Structures are given as C-alpha cells and as structure tokens.
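If you read the sequence from its start, that first residue is 1, and numbering goes on from there. Ligands are counted one by one from 1 in listed order, and the atoms in each one are counted from 1 as well. Atom set for the values below is all heavy atoms of this structure, side chains included, hydrogens, waters and symmetry mates excluded. These numbers come from a predicted model, not from an experiment.
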Amino acid sequence: MLKLYSYWRSSCSFRVRIALNLKGLKYDYIPVNLLKGEQSHPEFLKLNPVGFVPVLVDGDLVLADSLAIIMYLDDKYPQHPLLPSDIHKRAINFQATHIVSSSIQPLQNISFLNYIGEKVGPDEKLPWVQSVLRKGFTALEKLLKDHTGRYAMGDEIFLADVFLAPQLHAAFTRFNIPMNEFPIMSRLHETYNATPAFQEALPQNQPDALH
Ligand SMILES: N[C@@H](CCC(=O)N[C@@H](CS)C(=O)NCC(=O)O)C(=O)O
C-alpha cells in the first residue's frame, strides 16, 4: 500500500492527492501537522531532509517533492496519463506547472511567511501573498487563454490542472483574491470543485482537517 505523508491544507500535498485519485490508487494517509512543526521532527527529516510535505513511500522507495512524486506515479501507473503526447502541449503544461510550483507556492510557504511575519511584520504577510498570486495568475491567464477548454489545456485533465487546482483553492478561499479579477482561473476553480478526483482531494475532506 502506498503511504502519503500529507497535511490537509498543504497545496503540495493536495497536488499528489489529486494525482493519486485520478490514477484510482488507494493509499494510507499519514498526517504531518505543519502548524505544530512536525515536519522538523527527526523521524520525519529521515524521510525528507528538507522538512516539507508531501512524501510518498512505495515499498523501499521514499520520494519527496510533489512533481517528482507525480511524475513517478505517471510513469508507474499509465492509466489517465498526465501529459499529452503533443510536445507543444506538454511544454505549456510544464510552463503552467512551474509558474505554480516555482514562481508562486515557494513564496507563500509557511516557513517563508513566518519569517516575513517576524522580520517585517505580521500585517505584511497577506499583502505579500496577494501580490505573488496576482503576478502569477496574470501570467497564467495570458499563457492559458489560447489553450483552455473545460480544463486548463483543453477538455482533458493534465498536469497543469493538478498544480493549478490547489493554488486556486488557496487563493480564493484563504488569501481573499477576488475571483472576478481572474476569469479563466475562476472558471477553472469552479470546474475543479465539480470534478470528483479534485473534490475528494480538497483540504476539508482529509482526515486531519480542522473545521
Ligand atoms: N517543491 C516541494 C515544496 C514542498 C513544500 O513547500 N511543502 C510545504 C507545504 S505545501 C511545507 O511542507 N511547508 C512546511 C514549512 O514551510 O515548514 C514540493 O512540491 O513538494
């Protein structure tokens, strides 16, 4: 049985949960409470020395980093491929994925926001996150406008969707970005909320969720 170390509100864990659901894979959910600092416990650091969730354990293989995990799952479980065969579409998928995973999420990570809160001031955290989200979403709207269908890259679900959905959820439900500012992002957010593999992966549907 696959084991996923996850935190309900972690957008990186949310990505992996979506991929596991799309592939129809069952897994053991092991909660790591980021607010209690469990990501820095020695036992967890043995799994991921960087001290971040998610971590996937598959037999002897311990994998950290959501993109590495999702690409591994895509290689091992070919059902519902996450990359299109068209190389241009693959490249745009990677570009959208990396806008989320490199140009947005690391700049709103808990440890980074705690640092801003301490060194700059607690009131500076939200405006900072909102500015990062607006910059990233402006780029994504431009990038995807000629590609979207029901989903980000047409009418099928691909890697870009797996990364976008958690970021949109965080932006619209936690960081108060008005949905009308980003029409494509808003439409995709609503579509994801109505798609079972994404719904089941939502933070509030996880065993460690605090309501
Ligand atoms: N590139 C990594 C980033 C992982 C990451 O930043 N995880 C966050 C949750 S989304 C975390 O564990 N944060 C804990 C902390 O900042 O201390 C991935 O995609 O898995």
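- Panel note: side chain E141, backbone M185; a donor-acceptor pair is recorded below 3.5 Å.
- What sits closest to atom 16 (O) of ligand 1 on the protein, heavy atoms only, is S111 OG, 2.8 Å.
- Within the 4.0 Å heavy-atom shell around ligand 1 one finds P54.
- For ligand 1, the atoms closer than 4.0 angstrom to any heavy atom of S11 are 10 (S).
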message: If you apply the rule side-chain hydrogen bond (donor to acceptor under 3.5 Å, both in side chains), what do you find for D58 with Y72, and how did you get there?
response: CA-CA 10 Å; D58 183 13; Y72 167 74; 2.5 Å; yes

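- Here the protein heavy atom with the shortest distance to atom 1 (N) of ligand 1 is D65 OD2, 2.8 Å.
- Other residues, nucleotides and ligands contribute over 12 non-hydrogen atoms within 6.0 Å of the NZ atom of K125.
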field: Working for side-chain contact (heavy atoms from CB on, under 4.5 Å), residues F158 and L83
entry: CA-CA 6 Å; F158 288 120; L83 286 169; 5.6 Å; no

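- The main-chain N or O of L107 is found under 3.5 Å from a side-chain atom of W128 such that the two form a donor-acceptor pair.
- Nearest protein neighbour of atom 19 (O) of ligand 1, counting heavy atoms only, is S66 OG, 2.7 Å.
- Partner of Q108 under the side chain to side chain donor-acceptor pair (under 3.5 Å) criterion, chosen from Q130, Q167, R174: Q167.
- In terms of protein heavy-atom proximity, atom 12 (O) of ligand 1 is nearest to V53 N, 2.9 Å.
- When all heavy atoms of T191 and T195 are compared, the closest pair comes out as O-OG1, 2.7 Å.
- In terms of protein heavy-atom proximity, atom 9 (C) of ligand 1 is closest to S10 OG, 3.5 Å.
- For atom 10 (S) of ligand 1, the nearest non-hydrogen atom of the protein is C12 SG, 2.9 Å.
- Residue R15 approaches ligand 1 through these ligand atoms, each under 4.0 Å from one of its heavy atoms: 19 (O).
- The protein heavy-atom contact nearest to atom 13 (N) of ligand 1 is N109 OD1, 3.0 Å.
- Taking every non-hydrogen atom of Q39 and a distance limit under 4.0 Å, the qualifying atoms of ligand 1 come out as 14 (C), 15 (C), 17 (O).
- In this structure, F198 and Y192 have parallel ring planes: the angle between them is below the 30° cut-off, well short of the 60° mark.
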